[in-house]
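Comments concern the structure below.
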Amino acid sequence: QVELVESGGGVVQAGDSLRLSCLATELTFSTASMGWFRQAPGKDRDFVAAISRTGDNTNYADSVRGRFTISRNNAENTVFLHMNRLEPEDTAIYYCAASTKGAITSIQFWYDYWGQGTQVTVSS
């Protein structure tokens, strides 16, 4: 059974940095494109970033481009989200997702597996 487990969330101040990790088990990790999504209180879940199977292609939401970086380590079955210059508006539950359909995508429907999420809270 495929499992995605996020870690690295926490409470930080505006301007700080955090690195989220997502460990995948029972998944042929190198054949899956990976994504990060987030859901703020009272809002829908939104796309944050995605990375291709080999890591050579990435895509970002406009709200995080230039501040967040997605990366992956296929040898360790792990995808990361490096978050810099955090803002209170980044406060949300962050979810890791895996797509076995091959293409890098921001469309939630294309992702087959989801983690339980990790909370990120940014105070002003």
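In this chain, residues are counted from 1 in sequence order. Values in this document were obtained by computation on a predicted structure and should not be read as measured data.
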Problem - Glu3 side chain vs Glu26 backbone, donor-acceptor pair below 3.5 Å - result: no
Practice task
Check the pair Glu76 / Ser21 against side-chain contact (heavy atoms from CB on, under 4.5 Å), numbers first and verdict last.
Solution key: CA-CA 11 Å; Glu76 296 185 354; Ser21 301; over 6 Å; no
Fill in the blank from the handout: Between Lys101 and Asp112, the two heavy atoms sitting closest are NZ-OD1, 2.7 Å
Exercise for the section: Just do the side-chain contact (heavy atoms from CB on, under 4.5 Å) check on Phe47 and Thr105 with the steps written out, would you? Expected result: CA-CA 9 Å; Phe47 170 73; Thr105 180; over 6 Å; no
Handout entry: Neighbour count above 12 (heavy atom, 6.0 Å) for Glu87 CD
Key = yes
Exercise for the section: Inspect the surroundings of CH2 in Trp114 and state if more than 12 heavy atoms from other residues, nucleotides or ligands are less than 6.0 Å away. Expected result: yes
Exercise for the section: State the CG-CE distance between Leu81 and Met34, to the nearest 0.5 angstrom. Expected result: 11.5 Å
Fill in the blank from the handout: When rounded to the nearest 0.5 Å, the distance separating OH of Tyr94 from OG1 of Thr118 is 10.5 Å
Exercise for the section: Inspect the contact between Arg67 and Asp90 and indicate whether a charged nitrogen and a carboxylate oxygen are less than 4.0 angstrom apart. Expected result: yes
Problem - Ring-face cation contact, Phe68 with Arg85, 6.0 Å cut, 45° max - result: no
Problem - Flag side-chain contact, heavy atom, 4.5 Å: Phe80 against Leu20 - result: no
Problem - Minimum-distance pair of heavy atoms, taken over all atoms of Thr91 and Gln119 - result: CG2-NE2, 4.1 Å
Completion exercise
Here the gap from Met83 atom CE to Leu18 atom CG, rounded to the nearest 0.5 Å, amounts to 4.5 Å
Problem - Chi angles and distances behind the side-chain contact (heavy atoms from CB on, under 4.5 Å) call for Leu27, Tyr113 - result: CA-CA 10 Å; Leu27 174 71; Tyr113 305 103; 4.2 Å; yes
Practice task
To the nearest 0.5 angstrom, please state how far the CD atom of Gln108 sits from the CG atom of Asp44.
Solution key: 8.5 Å
Exercise for the section: Could you check whether the rings of Tyr111 and Phe37 sit parallel, tilted or perpendicular, using 30° and 60° as the cut-offs? Expected result: perpendicular
Fill in the blank from the handout: For Ser17 and Asn84 the tightest heavy-atom approach is OG-OD1, 2.9 Å
Exercise for the section: Find out whether Thr100 and Thr31 are in side-chain contact, i.e. whether some heavy atom of one side chain is under 4.5 Å from a heavy atom of the other. Expected result: no
Handout entry: Pairwise disulfide bond (SG atoms under 2.5 Å apart) hits with a residue in residues 9-120, at least two apart
Key = Cys22-Cys96
Handout entry: Under 3.5 Å: donor-acceptor pair, side chain of Arg72, backbone of Phe29
Key = yes
Fill in the blank from the handout: Nearest heavy-atom contact between Ala14 and Ser124 is CB-CA, 4.4 Å
Exercise for the section: Find the distance between CG (Asn74) and OG1 (Thr28) and round it off to the nearest 0.5 Å. Expected result: 11.0 Å
Practice task
Using atom types as modelled and distance alone, determine if a side-chain donor or acceptor of Arg65 lies under 3.5 Å from a backbone N or O of Tyr60.
Solution key: yes
Practice task
In sequence, state the C-alpha distance, the side-chain angles, and the governing distance for Gln1 and Thr25, and then conclude on side-chain contact (heavy atoms from CB on, under 4.5 Å).
Solution key: CA-CA 8 Å; Gln1 180 175 341; Thr25 58; over 6 Å; no
Completion exercise
Tightest non-hydrogen contact, residues Val48 and Val64, listed as O-CG2, 3.5 Å
Handout entry: Heavy-atom check, side chain of Ile51 versus side chain of Trp36, under 4.5 Å
Key = no
Practice task
Ignoring hydrogens and angles, tell me if any N or O in the side chain of Ser52 forms a donor-acceptor pair with the backbone of Ala103 under 3.5 Å.
Solution key: no
Handout entry: Lys/Arg cation over aromatic Tyr95: Arg45, 6.0 Å, 45° cone
Key = yes
Exercise for the section: Mind listing the closest non-hydrogen atom pair of Ser30 and Arg53 along with its distance? Expected result: O-CB, 3.3 Å
Fill in the blank from the handout: When rounded to the nearest 0.5 Å, the distance separating CD1 of Ile104 from CH2 of Trp110 is 14.0 Å
